[in-house]
Amino acid sequence: MPVESGAGIGQPKRLTVLSGPSGVGKSTVVKELRRRHPEVWLSVSATTRAPRPGETDGVEYHFVDDAEFDRLIAENELLEWAEFAGHRYGTPREPVLERLAAGQPVLLEIELNGARQVRANMPEAFLVFLAPPSWEELVRRLTGRGTEPPEVVQRRLETARVELAAEKEFDVTLVNTSVHEVCDELLGLMVAPSA
Ligand code: ADP
Ligand code: 5GP
C-alpha cells in the first residue's frame, strides 16, 4: 500500500522514527511530547521482554510470549522487528499504515536495526537520532534509572557504543540535554518541513 508520497523538501514528514542508545531518554521525551501534543500518534510495539514496574500491557508495549512473537513475524504483521538485549521488539504494521493513511503524524520509538528496516522499506520516513550530552551522562542515566540489573545495564552499554557510531545514518541528531527543548525540536521536525 502506498503510504505517503512526495515527502520531499517543503512537505511534512508524517512518519518519524526516534532512535538512540538505551538510557538516552527516548521514552521520557516521547512521554512529554505525547502529554503536550496528544495529536501525535505513538506506535505501541510488541515485545517479549517482561513489563517493568508501572508498565501496563497495551500502553507502553503489547507484552507477548515467544510463540505470539513468532506468529506476528510469520503472518507478516510487523513493519519491522529486531532483537535487543536478549528480547524481541517489533512494530505492528496495520495501525501505523492506518494512521498514515488518515494523515496523522506517526512516531516510532525503536532501536537502530529497526530504524534501518524502516529506512529501507519506507524511504519517506524521517529518522531522528537522540544523542546523550556525553558518554558519562549516558552511563549515569542508564544506571540511575535502576530498572535493570548490572549485567543487563552492561549489555545495553555495549550495544550503545554500536548505536552511537550509527548517528550519521540518521537525517538529524538531537542532543537530549533538556527534555523540554528536545520535545520542541522534535515536534518542529514532525509537523514542519525540514531543511
Ligand atoms: P530510553 O527510553 O532512551 O531508554 P529513558 O527515557 O528511560 O531512556 O531515560 C533514562 C533515564 O534518564 C531516566 O531515569 C530519565 O528520567 C533520565 N533522563 C531522560 N532525559 C533526561 C534529561 N534530559 N536530563 C536528565 N535525565 C534524563
Ligand atoms: P526497552 O526495553 O528499554 O523498553 O527498549 C529497548 C530498546 O528497544 C529501545 O532502544 C527501544 O527504542 C527499542 N524498541 C522498542 N520498541 C521497538 C520496536 O517495535 N522495534 C524495534 N526495532 N525496537 C524497539
Side-chain angles (χ1 to χ4, degrees), residues 15-35 41-64 68-69 72-73 77-96 106-122 125 127-149 152-153 155-164 166-167 169-170 173-186:
L15 175 61
T16 306
V17 174
L18 182 68
S19 206
S22 183
V24 72
K26 299 182 296 299
S27 328
T28 307
V29 167
V30 165
K31 202 167 168 189
E32 175 69 4
L33 183 77
R34 294 267 303 127
R35 194 182 66 73
W41 187 77
L42 174 68
S43 164
V44 179
S45 299
T47 182
T48 58
R49 92 152 157 73
R52 292 179 185 138
E55 288 184 331
T56 309
D57 188 36
V59 178
E60 287 82 6
Y61 284 105
H62 301 290
F63 295 99
V64 301
E68 172 62 5
F69 206 95
L72 292 172
I73 296 170
E77 288 188 21
L78 299 178
L79 190 64
E80 60 72 36
W81 71 272
E83 193 162 326
F84 184 89
H87 299 286
R88 290 183 291 174
Y89 298 79
T91 304
R93 178 194 308 277
E94 212 44 48
V96 170
V106 167
L107 181 61
L108 308 185
E109 190 247 281
I110 61 177
E111 54 69 68
L112 175 62
N113 290 310
R116 285 175 172 154
Q117 292 169 49
V118 174
R119 165 71 92 215
N121 297 329
M122 302 173 89
L127 268 59
V128 179
F129 188 82
L130 194 62
S134 67
W135 174 257
E136 291 70 27
E137 176 61 15
L138 181 67
V139 175
R140 220 177 349 260
R141 286 183 192 174
L142 194 52
T143 314
R145 190 168 66 188
T147 49
E148 277 85 20
V152 176
V153 169
R155 201 162 165 186
R156 285 179 177 236
L157 283 173
E158 280 159 24
T159 305
R161 287 206 183 275
V162 177
E163 295 191 301
L164 285 170
E167 180 188 334
E169 295 175 36
F170 286 73
T173 295
L174 302 180
V175 178
N176 182 17
T177 305
S178 146
V179 173
H180 201 84
E181 279 171 23
V182 165
C183 271
D184 288 345
E185 290 164 355
L186 185 57

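The analysis underlying the following values was restricted to heavy atoms, covering all of them including side chains, and did not include hydrogens, waters or symmetry mates. Order of appearance sets the numbers: ligands from 1, and atoms from 1 within every ligand.
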Could you check whether Arg140 pairs with Glu137 (Lys NZ or Arg NE/NH1/NH2 to Asp/Glu carboxylate O, under 4.0 Å)? yes

So the atoms of ligand 2 within less than 4.0 Å of a heavy atom of Gly90 turn out to be 18 (C), 19 (O), 20 (N)

Could you tell me the residue and atom name of the protein heavy atom closest to atom 11 (C) of ligand 2, and the distance to it rounded to 0.1 Å? Glu109 OE2, 3.3 Å

Compare every heavy atom of Pro95 with every heavy atom of Trp41, then report the nearest pair and how far apart it is. CH2-CB, 3.6 Å

Going by the 4.0 angstrom heavy-atom rule, the piece of Arg52 near ligand 2 is side chain

Measure the distance from atom 9 (C) of ligand 2 to every protein heavy atom, then report the residue, atom name and distance (to 0.1 Å) of the closest one. Lys26 CE, 4.0 Å

Atom indices of ligand 2 within 4.0 angstrom of Glu80 heavy atoms, with elements: 18 (C), 19 (O), 20 (N), 21 (C), 22 (N)

So if I apply the salt bridge (Lys or Arg N to Asp or Glu O under 4.0 Å) rule between Arg49 and each of Glu60, Glu148, Glu55, which one comes out positive? Glu55

Students should find this: residues with any non-hydrogen atom under 4.0 Å from ligand 1. What is the answer? Pro21, Ser22, Gly23, Val24, Gly25, Lys26, Ser27, Thr28, Arg141, Arg145, Asn176, Thr177, Val179

Element-labelled atoms of ligand 2 that are located less than 4.0 Å from some non-hydrogen atom of Arg49: 1 (P), 2 (O), 4 (O)

Would you check whether Arg156 reaches within less than 4.0 Å of ligand 2, judged by its heavy atoms? yes

Taking Lys26 for the side chain and Gly20 for the main chain, is one N or O donor matched with an acceptor at less than 3.5 Å? yes

Is there a polar contact, in the sense of an N or O pair closer than 3.5 Å, between Tyr89 and ligand 2? yes

Contact partition for Gln117 relative to ligand 2, non-hydrogen atoms under 4.0 Å: neither

Taken to the nearest 0.5 Å, the spacing of Leu18 CG from Ile110 CD1 works out to 9.5 Å

When you measure from atom 15 (C) of ligand 2 to every protein heavy atom, which one gives the shortest distance, and what is it? Tyr61 OH, 3.2 Å

Applying a heavy-atom cut-off of 4.0 Å, say which part of Glu60 lies close to ligand 2: side chain, backbone, both or neither. neither

In sequence, state the C-alpha distance, the side-chain angles, and the governing distance for Thr159 and Phe84, and then conclude on side chain to side chain contact (heavy atoms under 4.5 Å, CB included). CA-CA 9 Å; Thr159 305; Phe84 184 89; 3.6 Å; yes

Restricting to non-hydrogen atoms, name the atom on Leu79 and the atom on Val96 that form the minimum distance, rounded to 0.1 Å. CD2-CG1, 4.0 Å

NZ/NE/NH1/NH2 to OD/OE distance under 4.0 Å, Glu169 and Arg119: no

Could you check Glu80, Gln117, Glu109 and say which one makes a side chain to side chain donor-acceptor pair (under 3.5 Å) with Thr91? Glu80

CZ of Arg52 to OG of Ser27, rounded to nearest 0.5 Å, is 7.0 Å

To the nearest 0.5 Å, atom OG of Ser178 lies from atom CD of Glu185 at 8.0 Å

Which protein heavy atom lies closest to atom 16 (N) of ligand 2, and at what distance to 0.1 Å? Ser45 OG, 3.1 Å

What residue and atom, counting heavy atoms only, is the protein's closest point to atom 13 (C) of ligand 2, and at what distance? Glu111 N, 3.6 Å

Can you list the residues that meet the salt bridge (Lys or Arg N to Asp or Glu O under 4.0 Å) rule with Arg93, with sequence neighbours excluded? none

On a heavy-atom basis, which atom in Leu130 and which in Val24 lie closest, and how many Å separate them? O-CG2, 3.6 Å

What atoms in ligand 2 come closer than 4.0 Å to a heavy atom of Ala82? 22 (N)

Which ligand 2 atoms does Gly114 reach within 4.0 Å, using its non-hydrogen atoms? 22 (N)

For Asn113, is the nearest heavy atom under 4.0 Å from an atom of ligand 2? no

Flag this pair as yes if the NZ/CZ of Arg161 is under 6.0 angstrom from the six-membered ring centre of Trp135 and inside a 45 degree cone about the axis; otherwise no. yes

